[in-house]
Amino acid sequence: MNDINKYIEILDNLEESFILFDKNLRVKFISQSSKSIFSISNDEKINGLEDFLNHSELAGIKESSPLLIDKEKNHYKIKTDRYNLNFKSTKITFDNISYDLSIIKDNNSIVADNKLNNCIYKISEASHYVDDLDELYSIIHKILSEVIYTDNFYIAISDWDDSMLHFPYFVDQFDSKPESRKIANGLTEYVCRTGESILVNPEQNDAFIKNKKMNVSGSKSIDWLGVPLKNNRDEIFGALVIQSYDKNIRFTEKEEKILTFVSDQIAMAIKRKMDNSEIKRKAYYDQTTGLTNKVLFNDRLEQSMHDAE
């Protein structure tokens, strides 16, 4: 193993985002986190920077790389419609060949992470001050729309005792809110049964549905993304789903990670409110007849007397 390969092996174990390229812009090494920044899949072969950067982005590197402007080091920024990146670049030499070693900081990712953390905080806050479950669903939808595309969004709740699937919140461009149904063999049920997040795109849709012998209801979307809702005992009680009918709005692993990340907080908020509602129902209604009981009567009487005063 020569010196540069040893060096690359060390880089590969670091969390920072790196790119190592030569004066002809051929890529010698690109880290996993850099691939994430540039949306490069693991099975995609990269030869040069032009494989994932456009003309203006390449021009920025050509004008600023210490390797190409005869400097030892340089800090610079590339900001385009796609990226907002800081480069900390150093010229290094192995076996008489010089390379540009660039550490990359993704400013868009930092902003996105801050938005995501703020989203978690807002959902947690809403779960404490919102009393009505339907209102909580609507607020969750609004908060999520700040970090992910949610024009088509629904929440499904699975009732395993009665084998029913309910849709307490459902917003869609083409389909109206579905009635509660027996748990069958659809995409939503698959998420609820397996506890797996799944992203189904047009390339996978027909094969996935055929292999799993699924029944599909509603309008056919371009991308369908569902993640499970789990309680603190890791039991599945529902699913969050977003859909896109627009070929220009596509979901990737990035959206799957975002929805999965926030699902724990959303599940906690929904389950807390559902449990509170169930406690009140048991306290105020007779479990056999379903009729209101003396406790509810006294509560409403006290409230009416207070309002009258």
Side-chain angles (χ1 to χ4, degrees), residues 8 10-23 25-42 44 46-69 71-92 99-124 142-151 199 223 225 242 244 246 248-265:
I8 288 173
I10 294 171
L11 292 179
D12 205 19
N13 290 319
L14 300 178
E15 293 183 359
E16 285 85 356
S17 301
F18 294 95
I19 293 182
L20 185 68
F21 59 89
D22 63 20
K23 65 180 182 179
L25 305 185
R26 291 191 298 258
V27 175
K28 182 70 176 179
F29 168 77
I30 181 166
S31 67
Q32 189 63 44
S33 52
S34 291
K35 288 183 178 181
S36 178
I37 291 174
F38 297 111
S39 301
I40 300 170
S41 63
N42 287 330
E44 189 174 349
I46 298 298
N47 294 312
L49 296 180
E50 69 276 3
D51 291 343
F52 55 90
L53 297 178
N54 63 29
H55 178 74
S56 63
E57 293 155 359
L58 285 171
I61 287 181
K62 290 176 182 178
E63 293 168 2
S64 307
S65 167
L67 181 62
L68 302 176
I69 61 174
K71 291 179 66 175
E72 292 303 313
K73 297 181 180 181
N74 196 23
H75 293 188
Y76 60 97
K77 188 171 187 175
I78 291 180
K79 189 171 184 179
T80 65
D81 292 339
R82 299 194 301 169
Y83 302 119
N84 182 4
L85 306 172
N86 285 345
F87 281 72
K88 185 178 180 181
S89 301
T90 304
K91 182 167 71 172
I92 62 173
Y99 298 90
D100 179 307
L101 174 63
S102 290
I103 303 172
I104 304 170
K105 184 171 75 172
D106 184 3
N107 296 312
N108 286 341
S109 177
I110 294 171
V111 172
D113 286 346
N114 289 337
K115 281 186 176 181
L116 202 53
N117 289 330
N118 192 43
C119 170
I120 294 293
Y121 171 77
K122 286 181 178 179
I123 292 170
S124 176
K142 183 178 179 181
I143 294 171
L144 268 183
S145 68
E146 297 174 8
V147 296
I148 198 170
Y149 176 81
T150 58
D151 281 13
L199 171 58
D223 285 338
L225 173 60
I242 57 174
S244 171
D246 188 340
N248 296 314
I249 300 174
R250 303 300 306 273
F251 300 148
T252 64
E253 289 181 2
K254 177 183 176 182
E255 284 71 29
E256 185 174 355
K257 287 179 180 178
I258 290 174
L259 203 59
T260 301
F261 181 73
V262 300
S263 66
D264 286 344
Q265 191 62 51

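Since this is a predicted model, take the numbers as computed values, not measurements.
Partners of I110 according to the side-chain contact (heavy atoms from CB on, under 4.5 Å) rule, which considers only residues two or more places apart in sequence or in another chain, are K105, N107, N114. With sequence neighbours excluded, no residue forms a ring pair (Phe, Tyr, Trp, His ring centres under 6.0 Å) with F18. By the ring pair (Phe, Tyr, Trp, His ring centres under 6.0 Å) test, Y83 is found to be paired with F38, residues two or more places apart in sequence or in another chain being considered. Not a single salt bridge (Lys or Arg N to Asp or Glu O under 4.0 Å) links D100 to another residue, sequence neighbours left out. Evaluation of the side-chain contact (heavy atoms from CB on, under 4.5 Å) rule for E50 yields L58 as partners, not counting sequence neighbours. The side-chain hydrogen bond (donor to acceptor under 3.5 Å, both in side chains) test applied to S17 returns S33, not counting sequence neighbours. Partners of D246 according to the salt bridge (Lys or Arg N to Asp or Glu O under 4.0 Å) rule, which considers only residues two or more places apart in sequence or in another chain, do not exist here. T150 is linked by a side-chain contact (heavy atoms from CB on, under 4.5 Å) to H141, L144, S145, I148, F153, I242, counting only residues two or more places apart in sequence or in another chain. Residues meeting the side-chain contact (heavy atoms from CB on, under 4.5 Å) test with K257, sequence neighbours left out: none. With sequence neighbours left out, Y99 forms a ring pair (Phe, Tyr, Trp, His ring centres under 6.0 Å) with no residue at all.
Under a 3.5 Å cut-off, the side chain of S244 and the backbone N or O of I249 do form a donor-acceptor pair. No donor-acceptor pair under 3.5 Å is formed between the side chain of S34 and the backbone N or O of I30. A donor-acceptor contact shorter than 3.5 Å is absent between the side chain of S102 and the backbone of I104. In this structure a side-chain-to-backbone donor-acceptor pair under 3.5 Å is missing from N74 to P66.
In terms of heavy atoms, S64 sits closest to I69 at O-CD1, 3.6 Å. Summarising the geometry of L67 relative to D22, their closest heavy-atom pair is CD2-C, 3.4 Å, with the distance given to 0.1 Å. The two atoms that bring G60 and Y76 nearest to each other are O-CE1, 4.2 Å, heavy atoms only. C119 approaches V262 most closely through the heavy-atom pair SG-CG1, 4.1 Å.
Heavy-atom neighbours of E44 CD from other residues, nucleotides or ligands within 6.0 Å: above the threshold of 12. The local environment of CG in D81 is sparse, with at most 12 non-hydrogen atoms from other residues, nucleotides or ligands closer than 6.0 Å.
Evaluation of the salt bridge (charged side-chain N to carboxylate O under 4.0 Å, His left out) test over residues 56-67, restricted to residues two or more places apart or in two chains, returns E57-R82. Listed by first and then second residue, the salt bridge (charged side-chain N to carboxylate O under 4.0 Å, His left out) pairs that reach into residues 113-124 are K122-E146, sequence neighbours excluded.
Note: T260 OG1 to E255 CD = 11.0 Å, rounded to the nearest 0.5 Å. The distance from atom CG of D223 to atom CZ of F251, rounded to the nearest 0.5 Å, is 6.5 Å.
Looking at F261 and I120, their side chains come closer than 4.5 Å, going by heavy atoms from C-beta outward.
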